[in-house]
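Scope of the values below: all heavy atoms of this structure, side chains included, with no hydrogens, waters or symmetry mates. Counting begins at 1 with the first residue of the sequence. A quick note: this is a predicted structure, and the numbers were derived from the prediction, not measured.
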Amino acid sequence: MSELDGQVDESPFSDFLGFELLLEEQDRELLSRVRAWMTREVEPVINQYWTRAEFPHELLPGMAELGIAGLAYDGPGCPARGALVDGLVAMELARVDPSMGTFMGVHGGLAMGSIQLGGSDEQRERWLPAMARMELIGAFGLTEPETGSAISQGLATTATRDGDEWVLNGDKKWIGNATFADLIVVWARDTDDGQVKGFVVEKDTEGVELVKQEDKIALRVVQNAEIHLRDARVPEANRLQRAESFRTTSDVLRVTRMGVAWQAAGCARGAFEHALRYTKQREQFGRPIAGFQMVQDLLVKMLANVTASTAMNARASQLQDAGQLRDEHASLCKAHATVRMREAVGWAREVLGGNGILLEHHVGRFVADAEAIYSYEGTREINTLIVGRAITGESAFV
């Protein structure tokens, strides 16, 4: 770890060990802009959208001005600020609202990452600059109704070559941003060679039906959809030219799994911050509950969870910037951060007592949203087996 520039007390109170000081000054300034925008523009209104299960489209121009889409990538038009900056920004988004963090994780991580890692030079030039400006919004279509964790072997959506076009058939589920995305990266199995390939399906493509998923109890602002592909025709020019097998999909997921680990740390951090503020304002028995021993015990345990997850994520992101991140590194971070997140949001709700289930205090939203973050981008069990295989040399996958 390099020498830190600055003092730990210059960091926000919940950045207890000053991880932001690992960044260069310009990157700390970016993080401060993101924090200010999220606090000013998103926090006052997000509960209303969460209740209605709607997305705040009017906030996107302001978000685009932050310049954080595809933050870690060095493709055409991308900011190329590195994985550590990208991770801390992802945490900052989720600290205010995990749904907005997930939106950016899908658009700037999964969709842009698929094109960056799997697309040709021409395709990256065609799509990435507009996606970085958020003039085009992306989605990522991998998960299917009957296949989640086993998608690498069980992917059922097919792609059949027909001249200069591909014919896609199948169904996808849980596809974030899909109801309004301009581009959806759909992964399908080539009926000729059996390999998984990626296709950029543009908005309003004939044969593509999008059905919004209703009645979610978590990440309600995220617009998930089922996608039904019925002889949907996609030009060969829209097939990701360097994505010839599921290995490319895995390369994308390795990077974005780290993003989810950062989101988990942000979700825990947001719940902790709201709980801490509450304890300083809430009085019982003639004094703020922040002065009660059992309340301080819960606050410190929350802070420890946030700090431990941030430390693990920061080191893994440094490895990613050095080109040394492996699957098991990202899996350990995701598994650890989501378990610690679940604990932290539960303790935050406990600190608030009955008020913890009221949206006006925000913590209840973090409690609910944590359940989705806990499961997507690889369950704890799947990530545990990935790490277990790495440390034992034995595969326990069935």
Side-chain angles (χ1 to χ4, degrees), residues 102 105-106 109-111 113-114 117-118 138-160 166-179 181 184-201 205 207-219 222-232 234 239-240 243-257 259-260 327 330-331 334-335 338 371-389 395-398:
T102 299
V106 172
L110 289 165
S114 296
L117 296 175
F140 178 87
L142 177 62
T143 305
E144 298 181 346
E146 301 302 325
T147 312
S149 298
I151 195 69
S152 62
Q153 298 178 356
L155 191 143
T157 300
T158 61
T160 302
W166 291 81
V167 182
L168 305 185
N169 281 284
D171 301 286
K172 300 293 182 180
K173 190 173 183 178
W174 297 112
I175 311 307
N177 302 354
T179 61
I184 304 174
V185 178
V186 172
W187 299 92
R189 193 175 301 279
D190 186 344
T191 55
D192 182 38
D193 62 14
Q195 295 296 324
V196 173
K197 294 179 170 61
F199 302 85
V200 177
V201 178
T205 295
V208 179
E209 180 187 9
L210 304 172
V211 180
K212 179 184 174 182
Q213 292 180 244
E214 304 284 0
D215 303 325
K216 295 187 300 174
I217 68 164
L219 298 179
V222 176
Q223 303 299 290
N224 295 91
E226 293 184 7
I227 302 178
H228 305 297
L229 302 158
R230 300 294 181 265
D231 292 332
V234 177
R239 179 182 66 81
L240 295 177
E244 296 292 345
S245 71
F246 195 80
R247 181 178 296 277
T248 303
T249 321
S250 296
D251 290 341
V252 176
L253 294 175
R254 181 188 312 115
V255 174
T256 57
R257 188 163 288 160
V260 178
D327 288 342
S331 288
K334 201 276 180 175
T338 52
E371 290 304 298
I373 297 172
Y374 183 73
S375 294
Y376 69 54
E377 285 277 9
T379 63
R380 184 196 64 81
E381 292 81 4
I382 287 295
N383 283 304
T384 294
L385 295 180
I386 292 172
V387 178
R389 180 176 59 192
S395 177
F397 285 92
V398 177

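- Atom CD1 of Ile227 is separated from atom CD1 of Ile184 by 4.0 Å, given to the nearest 0.5 angstrom.
- Nearest heavy atom pair, residue Trp174 against residue Asn224, reads O-ND2, 3.3 Å.
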Applying side chain to side chain contact (heavy atoms under 4.5 Å, CB included) to Leu142 and Ile175, what does each step give before you reach the verdict? CA-CA 8 Å; Leu142 177 62; Ile175 311 307; 5.9 Å; no
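- The environment of CZ in Arg247 is sparse: at most 12 heavy-atom neighbours from other residues, nucleotides or ligands sit within 6.0 Å.
- The main-chain N or O of Ser331 is never found under 3.5 Å from a side-chain atom of Arg257 such that the two would form a donor-acceptor pair.
- Here the side chain of Glu144 pairs no donor or acceptor atom with the backbone of Leu155 at under 3.5 angstrom.
- Here the side chains of Leu229 and Val186 are in contact, with some heavy-atom distance below 4.5 Å.
- Expressed to the nearest 0.5 Å, how far CZ of Phe397 lies from CD1 of Ile386 amounts to 5.0 Å.
- Checking side-chain atoms of Lys172 against main-chain N and O of Trp187 turns up a donor-acceptor pair under 3.5 Å.
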Test side chain to side chain contact (heavy atoms under 4.5 Å, CB included) applied to Val201 and Leu168, step by step: CA-CA 10 Å; Val201 178; Leu168 305 185; 4.0 Å; yes
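- Screening residues 207-218 for salt bridge (charged side-chain N to carboxylate O under 4.0 Å, His left out) gives no qualifying pairs among residues at least two apart or on separate chains.
- The main-chain N or O of Gly138 is found under 3.5 Å from a side-chain atom of Asn177 such that the two form a donor-acceptor pair.
- Distance check, rounded to the nearest 0.5 Å: OG1 of Thr338 to CG of Asn383 gives 7.5 Å.
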Report the C-alpha separation of Thr256 and Phe140 in whole Å, then their side-chain angles, then the decisive distance to 0.1 Å, and conclude whether the side chain to side chain contact (heavy atoms under 4.5 Å, CB included) test is met. CA-CA 12 Å; Thr256 57; Phe140 178 87; over 6 Å; no
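- Between the Lys334 side chain and the Tyr374 main chain, a donor and an acceptor come within less than 3.5 Å of each other.
- Two residues are said to be in side-chain contact when any heavy atoms from C-beta on lie closer than 4.5 Å; Val167 and Thr158 fail this criterion.
- Expressed to the nearest 0.5 Å, how far CG of Asp231 lies from CG of Asn169 amounts to 4.5 Å.
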From CA spacing to verdict: side chain to side chain contact (heavy atoms under 4.5 Å, CB included), Lys197, Arg239: CA-CA 8 Å; Lys197 294 179 170 61; Arg239 179 182 66 81; 4.1 Å; yes
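- The minimum heavy-atom distance linking Ser114 with Val185 is given by the pair CB-CG1, 3.9 Å.
- With Arg380 contributing its side chain and Ala335 its backbone, the two residues share no donor-acceptor pair below 3.5 Å.
- Taking each heavy atom of Glu377 and Val260 in turn, the nearest pair found is CG-CG2, 3.2 Å.
- Not a single donor-acceptor pair under 3.5 Å links the side chain of Thr379 to the backbone N or O of Ser375.
- In this structure, the separation between OG on Ser250 and CG on Leu117 is 11.5 Å, given to the nearest 0.5 Å.
- Interatomic distance, OG1 of Thr147 versus CD of Gln153, reported as 10.5 Å (0.5 Å rounding).
- Side-chain contact of Thr160 with Thr191: a donor-acceptor pair under 3.5 Å is present, judged by distance alone.
- When all heavy atoms of Leu210 and Ala178 are compared, the pair lying nearest together is CD1-O, 3.2 Å.
- Residues Tyr376 and Thr102 bring a donor and an acceptor atom of their side chains to less than 3.5 Å of each other.
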